[in-house]
Amino acid sequence: MGLLWKRLAAEQLRTGAVSSNSLQLSSQIEGSRMHPQLGGSGDSARLPPRASNFTPAGLSPAVETAPVEGYALMERLQADEHRNEKSSDDGAGSNVIAKAATLMRVVANAGTRAGGVTTATAARHAGIPRPTAHRILMLLAHEGLLERDESSARWLLGPELQLLGVQSASRHDVTRKAREILDQLSRETGEDAMLYARRGSEVVCTASEEGSFPLRSHKVVEGTRFPLGVGSGGLAVLAHIPRTEMETYLSSLQLQTIYGPAHSAAAIRKRIAETRANGYSFNPGLLASNSFGVGAAVFDNLGSPAYALCLTGVEDRFTQRRVATLGRLALEAAHRLSKRIAG
């Protein structure tokens, strides 16, 4: 099918009949055999994300590519992929869709606090050569999935994602079921209450309710991502996945290189054992020195840990006795939400 499409596209180029629809079809055909893989955690995972007030601008002339240019970019990407597959025993990292997904995650995470991300930074954190990253970013912008701010040359999420998200939310969004529970948790404890959703080997904050206590070390905004095992939400989910899957995950990553020695595999295994014993996870300021949290896993209708409910606040309010109380409240709330999800 890919060879047939290329021949047809070449004929269209000669006759001047290339259209944007044919480009979209090409992306679907070539993408149908690909699968996504886990990407990086963002522009600077050590720093807590901050909300951005940036208002997306229109696409710059550099990314408003003509159909013929879009076809040329696709051909170059396919050539890159072909060369990479020949030079790699298992083809790891050569999948264009996987690289695109990785870059989009980097842009999404960085965009929440820095008003976008540069091509060089996106390429570095995605582990992709800059020329390849630039071509992929241009293609994503051509499809409306990303856009580039003219003044700063930074990449941000594009308008097409909002439309896709609206359609996806009807099937996957549980925030409406969780809002009442989050509100009750924040009112009862005075702490910030958050819902995290598992996405592969990460958790993403999808909803939050601010507590009444006036002091807080930092605020986790919706859309913030953490790897499994990082933060109270990531730890709560990781502690309840099958042991074989957990060990494979821990052996494949070096989280301590980004999040410090407290996130070595041995240290995470110890916290997993504590989480299983207590029923809830505890983060004693491992991401920010004065930000403590507890979390409890929420299960989907298949019994898998698909979400986590968390409470976060300043260190002084997380005494040993109160941690146990907050953990129990998070567990009870997680149980209620799991029942709602199961229907």
Side-chain angles (χ1 to χ4, degrees), residues 31 33-42 45-46 81 84-85 87-106 108-109 124-128 172 195-206 224-284 286-287 293-310 334 338 341:
R33 59 187 175 87
M34 303 174 181
H35 63 279
Q37 70 182 29
L38 172 64
S41 60
R46 291 179 182 275
E81 181 183 7
N84 289 337
E85 287 176 347
S87 63
S88 175
D89 292 335
D90 58 3
S94 65
N95 190 298
V96 175
I97 297 300
K99 292 176 181 177
T102 299
L103 286 167
M104 290 183 68
R105 291 188 182 101
V106 172
N109 206 42
R124 184 172 69 253
H125 286 282
I128 299 173
H172 300 288
L195 173 69
Y196 286 89
R198 181 185 179 185
R199 291 294 180 265
S201 295
E202 297 176 311
V203 291
V204 185
C205 179
T206 59
T224 301
R225 292 172 177 264
F226 293 114
L228 295 182
V230 175
S232 55
L235 182 61
V237 171
L238 182 62
H240 290 87
I241 68 175
R243 186 175 294 275
T244 301
E245 182 182 353
M246 178 196 74
E247 288 298 336
T248 300
Y249 169 77
L250 289 176
S251 63
S252 66
L253 295 179
Q254 298 294 323
L255 294 175
Q256 70 269 25
T257 61
I258 299 176
Y259 296 97
H263 291 88
S264 67
I268 292 176
R269 287 189 184 97
K270 180 179 179 181
R271 288 196 291 278
I272 285 174
E274 294 171 351
T275 300
R276 288 175 170 171
N278 296 327
Y280 57 86
S281 62
F282 176 48
N283 170 32
L286 298 179
L287 292 176
V294 297
V298 177
F299 298 86
D300 60 19
N301 55 0
L302 298 178
S304 298
Y307 306 91
L309 283 175
C310 302
S338 296
I341 294 173

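Numbers here simply count residues along the sequence, with the first being 1.
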Item to check | Spacing of OG1 belonging to T275 relative to CG belonging to L238, to within rounding of 0.5 Å | outcome: 9.0 Å
Item to check | CA sep, side-chain torsions, deciding dist, call: L235, N283, side chain to side chain contact (heavy atoms under 4.5 Å, CB included) | outcome: CA-CA 8 Å; L235 182 61; N283 170 32; over 6 Å; no
Checklist entry - When you measure from the side chain of R271 to the backbone N and O of A262, does any donor-acceptor pair fall under 3.5 Å? => result yes
Checklist outcome for this item: Heavy-atom closest pair (A308 atom, V237 atom, distance to 0.1 Å) is CB-CG2, 4.0 Å
Checklist entry - Do S304 side-chain atoms and D300 backbone N/O form a donor-acceptor pair below 3.5 Å? => result no
Checklist outcome for this item: Rounded to the nearest 0.5 angstrom, the CE-CZ distance for M246 and R269 is 6.5 Å
Checklist entry - Is N278 reaching over with its side chain to a backbone N or O of Y280, donor-acceptor style, under 3.5 angstrom? => result no
Checklist entry - Do the rings of F299 and H240 sit parallel, tilted or perpendicular, given the 30° and 60° boundaries? => result perpendicular
Checklist entry - What closest approach, in Å, do A334 and V298 show between heavy atoms, and which atom pair accounts for it? => result CB-CG2, 3.7 Å
Checklist entry - Going from OG on S264 to NZ on K270, what distance comes out if it is rounded to the nearest 0.5 angstrom? => result 10.5 Å
Checklist outcome for this item: Closest non-hydrogen contact found for P305 with A297 is CB-CB, 4.4 Å
Checklist entry - For the atom pair CG (L228) and CD1 (I241), what is the distance rounded to the nearest 0.5 Å? => result 6.0 Å
Next on the checklist: Does S232 form a side chain to side chain contact (heavy atoms under 4.5 Å, CB included) with V294? I'd like the steps, not just the answer.
Outcome noted: CA-CA 5 Å; S232 55; V294 297; 5.6 Å; no
Checklist entry - Does the pair Y196 and L309 meet the rule for a side chain to side chain contact (heavy atoms under 4.5 Å, CB included), with working shown? => result CA-CA 6 Å; Y196 286 89; L309 283 175; over 6 Å; no
Checklist entry - How many angstroms lie between atom CZ of R276 and atom CZ of R243, to the nearest 0.5 angstrom? => result 4.5 Å
Checklist entry - Can you name the nearest heavy-atom pair linking A197 to T206, along with the distance? => result CB-CG2, 3.8 Å
Next on the checklist: side chain to side chain contact (heavy atoms under 4.5 Å, CB included) for V204 and Y307? Distances and angles first, verdict last.
Outcome noted: CA-CA 9 Å; V204 185; Y307 306 91; over 6 Å; no
Checklist entry - Could you give the distance from CZ (F226) to CG (L287), rounded to the nearest 0.5 Å? => result 5.5 Å
Checklist entry - With a 4.5 Å heavy-atom cut-off, do I128 and L103 have their side chains touching? => result yes
Item to check | Beyond-backbone contact of L286 with H263, side-chain heavy atoms, under 4.5 angstrom | outcome: yes
Item to check | Where Y249 and S201 come nearest, the two heavy atoms and their spacing | outcome: CE1-CB, 3.7 Å
